[in-house]
Enquirer: 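Before I ask anything, here is the structure I am working with.
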Amino acid sequence: MNDPRPVGVFDSGIGGLTVVKALRDLLPNESICYLGDTARVPYGPKSSETVQRYAVELAGMLMRKNAKALVVACNTVSSVALPLLANKFSVPVIGVIEPGARAALQATRNRHIGVIGTRATIRSGAYEKALRATDNNVRVSSRACPLLVPLIEEGLLDDAVTDQMIMRYLQPLLADGIDTLVLGCTHYPLLAGAIARVVNRQITLVDSAQNCAHAVEEMLDRQSLRAAPPNNAQLYVALTDAADNFLNVARDALELSFGEVELQPLP
Ligand code: DGL
């Protein structure tokens, strides 16, 4: 099999580059077209209807770039728009929630899982639904952490203020007795080191980016969509508005290399 068409990946902004990093590491022969909606980020505080409308627009833009699959590298979009996208587009659509939920169920020993994410993701209950669909007895403690995204975007990945916020958000989940924590926002893998340090006890962190990449690999194999080596795999990054400082933060923290960022105004 050899399908050199790119995998289309999108996010509300730049956080989805954590998924791109995981995809590049796992699937080095696959070209990737990344689209970040920097004109309208953040999605976390927005209504489901608005997020669904934005998601259909971004997916349509990637389809016009001949994407062979769509990867929703955003928990907020994955939690409210996946069935809609799967219905509207003819290519496979993969989000971050189910792969993360599956990995969390494999990791937990005491069947008590914590989930953190944006307000929209937590309000949707998407992780609880995905977790309980497999194990009805699992306990889930979840918490919206709206201040973590701006701290990450400011590059405060290793900073006392960020550590304090992490502690404040996670304290109730730790007191509840979770043994596994789903990082339910594609920005959060950039804080994995800080969270592990602050929590300072044995909690398994489940990174939705890495688990999503594994799900993409399985899907490409199942649907015979893999690009065969040698394929001059490229990473194209397009944004709907000018990139801000966070692009440099993410590029450096993730050690991702890509060329000129394309400006792709919304239709
Ligand atoms: N990348 C988004 C997510 O994974 C968070 C940023 C936003 O609020 O748009 O949920």
Enquirer: Val198 versus Leu170: any side-chain heavy-atom pair under 4.5 Å?
Expert: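 Side chain of Val198 against side chain of Leu170, heavy atoms only: no contact under 4.5 Å found.
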
Enquirer: For the pair Val199 and Leu205, evaluate side-chain contact (heavy atoms from CB on, under 4.5 Å) and give the outcome as yes or no after the intermediate values.
Expert: CA-CA 11 Å; Val199 163; Leu205 300 183; 5.9 Å; no

Enquirer: Can you tell me if CZ on Arg168 sees more than 12 non-hydrogen neighbours from other groups inside 6.0 Å?
Expert: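 12 or below, so no.
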
Enquirer: Quick check: Tyr43 with Tyr54 (ring centres under 6.0 Å apart)?
Expert: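 Ring-ring flag for Tyr54/Tyr43: true, centres closer than 6.0 Å.
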
Enquirer: Is the count of non-hydrogen atoms from other residues, nucleotides or ligands lying under 6.0 Å from Glu153 atom CD greater than 12?
Expert: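 Yes, because the 6.0 Å sphere around CD of Glu153 holds more than 12 heavy atoms from other groups.
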
Enquirer: Nearest 0.5 Å, please: how far is CG in Leu254 from CG in Leu190?
Expert: 5.0 Å

Enquirer: Salt bridge between Asp158 and Arg197, side-chain N to carboxylate O under 4.0 Å?
Expert: yes

Enquirer: State the NZ-CD1 distance between Lys21 and Ile32, to the nearest 0.5 angstrom.
Expert: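 The CD1 atom of Ile32 is 11.0 Å from NZ of Lys21, to the nearest 0.5 Å.
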
Enquirer: Do NZ/NE/NH1/NH2 and the carboxylate oxygens of Asp3 and Arg226 come within less than 4.0 Å?
Expert: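 No, Asp3 and Arg226 are not salt-bridged.
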
Enquirer: Please step through side-chain contact (heavy atoms from CB on, under 4.5 Å) for the pair Val140 and Tyr127, ending with a clear verdict.
Expert: CA-CA 9 Å; Val140 185; Tyr127 273 105; 5.7 Å; no

Enquirer: If you measure from the Lys or Arg side-chain nitrogens to the Asp or Glu carboxylate oxygens, is any gap between Glu255 and Arg24 under 4.0 Å?
Expert: no

Enquirer: Taking C-beta and beyond as the side chain, do Thr162 and Ile166 meet within less than 4.5 Å on heavy atoms?
Expert: yes

Enquirer: Do the non-hydrogen side-chain atoms of Cys212 and Val71 ever get within less than 4.5 Å of each other?
Expert: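 Counting from C-beta outward, Cys212 and Val71 do come under 4.5 Å.
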
Enquirer: Given side chains that start at C-beta, do those of Arg111 and Leu105 come closer than 4.5 Å, heavy atoms only?
Expert: yes

Enquirer: Contact between Leu62 and Leu70 at the side-chain level, heavy atoms closer than 4.5 Å - yes or no?
Expert: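 Leu62 reaches Leu70 side chain to side chain.
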
Enquirer: To the nearest 0.5 Å, what is the distance between CG (Leu181) and CD1 (Ile116)?
Expert: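 Rounded to the nearest 0.5 Å, the CG-CD1 separation comes to 4.5 Å.
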
Enquirer: Near Arg119 CZ, under 6.0 Å, is it more than 12 heavy atoms from other residues, nucleotides or ligands?
Expert: no

Enquirer: Take a 6.0 Å sphere around CD of Glu262 and say whether it holds more than 12 heavy atoms from other residues, nucleotides or ligands.
Expert: yes

Enquirer: Between Asp176 and Ser141, is any side-chain donor less than 3.5 angstrom from a side-chain acceptor?
Expert: yes

Enquirer: Salt bridge or not between Arg222 and Glu217? Use side-chain N to carboxylate O under 4.0 Å.
Expert: no

Enquirer: Distance alone, cut at 3.5 Å: any donor-acceptor contact between the side chains of Asp179 and Thr108?
Expert: yes

Enquirer: Rounded to the nearest 0.5 Å, how far apart are CG of Leu17 and OH of Tyr34?
Expert: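 With rounding to 0.5 Å, CG (Leu17) is 4.5 Å from OH (Tyr34).
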
Enquirer: Is atom CD of Glu154 surrounded by more than 12 heavy atoms (other residues, nucleotides or ligands) closer than 6.0 Å?
Expert: no

Enquirer: Mind checking the CD-CD1 spacing from Glu218 to Ile94? Nearest 0.5 Å is all I need.
Expert: 8.0 Å

Enquirer: Give a yes or no on whether the backbone of Ile122 and the side-chain of Ser142 come within a donor-acceptor separation of less than 3.5 Å.
Expert: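 No, Ser142 side chain to Ile122 backbone: no donor-acceptor pair under 3.5 Å.
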
Enquirer: Distance check, rounded to the nearest 0.5 Å: Asp37 atom CG versus Asp241 atom CG?
Expert: 9.0 Å

Enquirer: Distance-only, no hydrogens or angles: does the Asp135 side chain make a donor-acceptor pair with backbone N or O of Leu131 under 3.5 Å?
Expert: no

Enquirer: Could you go step by step and tell me if Leu220 and Lys68 meet the side-chain contact (heavy atoms from CB on, under 4.5 Å) rule?
Expert: CA-CA 9 Å; Leu220 292 177; Lys68 63 181 169 185; 4.3 Å; yes

Enquirer: Please examine the side chains of Phe246 and Ile152, heavy atoms only from C-beta on, and report whether any two atoms are closer than 4.5 Å.
Expert: yes

Enquirer: Is it true that Thr18 and Thr186 share a donor-acceptor pair across their side chains at a distance under 3.5 Å?
Expert: no

Enquirer: Run the numbers on Arg132 and Asn137 for side-chain contact (heavy atoms from CB on, under 4.5 Å), then give the verdict.
Expert: CA-CA 7 Å; Arg132 297 230 166 84; Asn137 292 321; over 6 Å; no

Enquirer: Leu239 versus Gln264: any side-chain heavy-atom pair under 4.5 Å?
Expert: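 Leu239 does not reach Gln264 side chain to side chain.
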
Enquirer: So do the side chains of Tyr188 and Asn75 get within less than 4.5 Å of each other, counting heavy atoms only?
Expert: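 Contact flag for Tyr188/Asn75 side chains = no.
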
Enquirer: I'd like to know if Arg5 and Glu30 make a salt bridge, using a cut-off of under 4.0 Å between side-chain N and carboxylate O.
Expert: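 No salt bridge links Arg5 with Glu30.
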
Enquirer: Assess the side chains of Thr121 and Ser124: does a donor N or O sit below 3.5 Å from an acceptor N or O?
Expert: no

